[in-house]
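Report on one structure; see the data block that follows.
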Amino acid sequence: MTDQAHGLPDVTSLLLSTDSLEQFLQMLAERALSMAPTAAGTGITVERQHRPLTVASAGGIAPDLDEAQYGQDDGPCLEALRTGREVIVSDMLDETRWGPYPAYAVARGTRSSASLPIAPHTDTAGALNLYSSTVDGFMEAGLDNLRSLAAQATGAIALAQRLSDAQEYATDLQTAMESRSVIDQAVGVIMGQQRCDADEAFRLLRMASQRRNIKLRDLCREMLTNIGGGPPAEGAAFRPRP
């Protein structure tokens, strides 16, 4: 889908149509390349555990140029990521920032670049990097759509993070429910065997768990497996015989 007024892709819909954040970022890099006629390559850098990584690229040259910046811990892409401000290089031959990086970029056939921040000042801060073999490859007028793309990507990545957090929470909740089910079944068995109430049955199981130094859930699963001849059904309720 696209924004009809500006010819931009609907980035949120793009995110929801992909299977992973990595796949979404790859498609984003490819869209950025198609939107910038002078670009020879694009890359998306994301900082994870305080280490920058190129998580997606298109056009071939971006990974080498990104890695050169990571190796010296300095460069236009890292500056955009860390400051949250876009960094435009008109001509690498005239550039005096970032130590030996501009000379390396020229040797690799790159004369200009644009680095646009994505999700600045967050745990998933990154940058959209575009590289061109021509001087002034990214003029002011041609950057508007790319800025909009980076801005939409910021919202989409925030959504992806929420979805990831929700999935992790759902997984944890499912695990907890399965543990509770196994323990409840074991409590029911002990109630039937010992003719006691649920609190006493749970106390006996906990004492056995501590004595054998294994987790209560594992003890209950082992006990139910021995009784039933197979693993207990997750989520099933045990009803002791009267």
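Keep in mind that this is a model prediction, so the values were computed, not measured.
Taken to the nearest 0.5 Å, the CD atom of Q69 stands 8.0 Å off from the CG atom of D74. R31 contributes atom CZ, which lies 5.5 Å from atom CE of M27 (distance to the nearest 0.5 angstrom). Interatomic distance, CG of L219 versus CZ of R211, reported as 9.0 Å (0.5 Å rounding). Atom CZ in R203 sits 8.5 Å away from atom CZ in R206 (nearest 0.5 Å). R221 contributes atom CZ, which lies 12.5 Å from atom CG of N226 (distance to the nearest 0.5 angstrom). For the atom pair CD1 (I118) and CG (L128), the distance works out to 5.0 Å, reported to the nearest 0.5 Å.
Y104 and L130 fall into different hydrophobic clusters, where Ile, Leu, Val, Met, Phe, Trp and Tyr residues are linked whenever their side-chain heavy atoms come under 4.5 Å apart, directly or through other members. Hydrophobic clustering (side-chain heavy atoms under 4.5 Å, transitive across Ile, Leu, Val, Met, Phe, Trp, Tyr) keeps L33 apart from F138. Cluster annotation: V87 is connected to V106 through the hydrophobic network of ILVMFWY side chains, with a link wherever side-chain heavy atoms come within less than 4.5 Å.
The closest side-chain heavy-atom distance from Q194 to V189 is not below 4.5 Å. Looking only at side-chain heavy atoms (C-beta outward), T110 and S132 stay at 4.5 Å or farther from each other. Here the side chains of V135 and S112 are not in contact, with every heavy-atom distance at 4.5 Å or above. Here the side chains of P120 and R82 are not in contact, with every heavy-atom distance at 4.5 Å or above. Annotation: side chain of C220 is in contact with side chain of L216 (closest heavy-atom distance under 4.5 Å). For the pair M139 and D136, the minimum side-chain heavy-atom distance is below 4.5 Å. Residues I88 and L143 meet the side-chain proximity criterion, which asks for heavy atoms closer than 4.5 Å. By the 4.5 Å heavy-atom criterion applied to side chains, V55 and Q26 are not counted as neighbours.
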Inset, instruction - Apply side-chain contact (heavy atoms from CB on, under 4.5 Å) to E47 and L81, showing your working. - result: CA-CA 8 Å; E47 194 167 50; L81 184 153; 3.7 Å; yes
Inset, instruction - Go through the steps to decide whether R212 and E222 satisfy the test salt bridge (charged side-chain N to carboxylate O under 4.0 Å, His left out), and finish with yes or no. - result: CA-CA 12 Å; R212 294 183 53 187; E222 177 185 308; 3.0 Å; yes
Inset, instruction - Quick one: do Q193 and I227 satisfy side-chain contact (heavy atoms from CB on, under 4.5 Å)? Show the steps, please. - result: CA-CA 12 Å; Q193 290 178 343; I227 293 173; 4.2 Å; yes
Inset, instruction - In sequence, state the C-alpha distance, the side-chain angles, and the governing distance for V46 and L53, and then conclude on side-chain contact (heavy atoms from CB on, under 4.5 Å). - result: CA-CA 6 Å; V46 173; L53 298 169; 5.9 Å; no
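There is no side-chain donor-acceptor pair under 3.5 Å between N129 and S113. A donor and an acceptor atom, one from each side chain of S181 and Q185, are located under 3.5 Å apart.
A salt bridge does not link E200 to R195: none of the charged side-chain nitrogens sits closer than 4.0 Å to a carboxylate oxygen.
The two residues P117 and A150 come nearest to each other via the heavy atoms O-CB, 3.8 Å. A186 and M223 make their closest contact through CB-CE, 3.4 Å (heavy atoms, listed as atom of the first residue, atom of the second, distance). Nearest heavy atoms, A36 versus L146: CB-CD1, 4.2 Å.
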Could you list the donor-acceptor pairs under 3.5 angstrom formed by side chains in residues 58-68, with sequence neighbours left out?
| unit_1 | atom_1 | unit_2 | atom_2 | d |
| --- | --- | --- | --- | --- |
| D64 | OD2 | R108 | NH2 | 2.6 |
| D66 | OD1 | Y131 | OH | 2.5 |
| D66 | OD2 | T54 | OG1 | 2.9 |

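Checked by atom type and distance alone, the side chain of T42 pairs as donor or acceptor with a backbone atom of A29 at under 3.5 Å. Side-chain N or O atoms of S209 include one that pairs as donor or acceptor with a backbone N or O of I214 at under 3.5 Å.
Between W98 and Y101, the two ring planes are perpendicular [angle over 60°; tilted spans 30° to 60°].
Under the salt bridge (charged side-chain N to carboxylate O under 4.0 Å, His left out) criterion, the residue pairs touching residues 91-104 are D91-R111, E95-R97, with sequence neighbours excluded.
Clustering of Ile, Leu, Val, Met, Phe, Trp and Tyr side chains at separations under 4.5 Å places L78 together with Y70.
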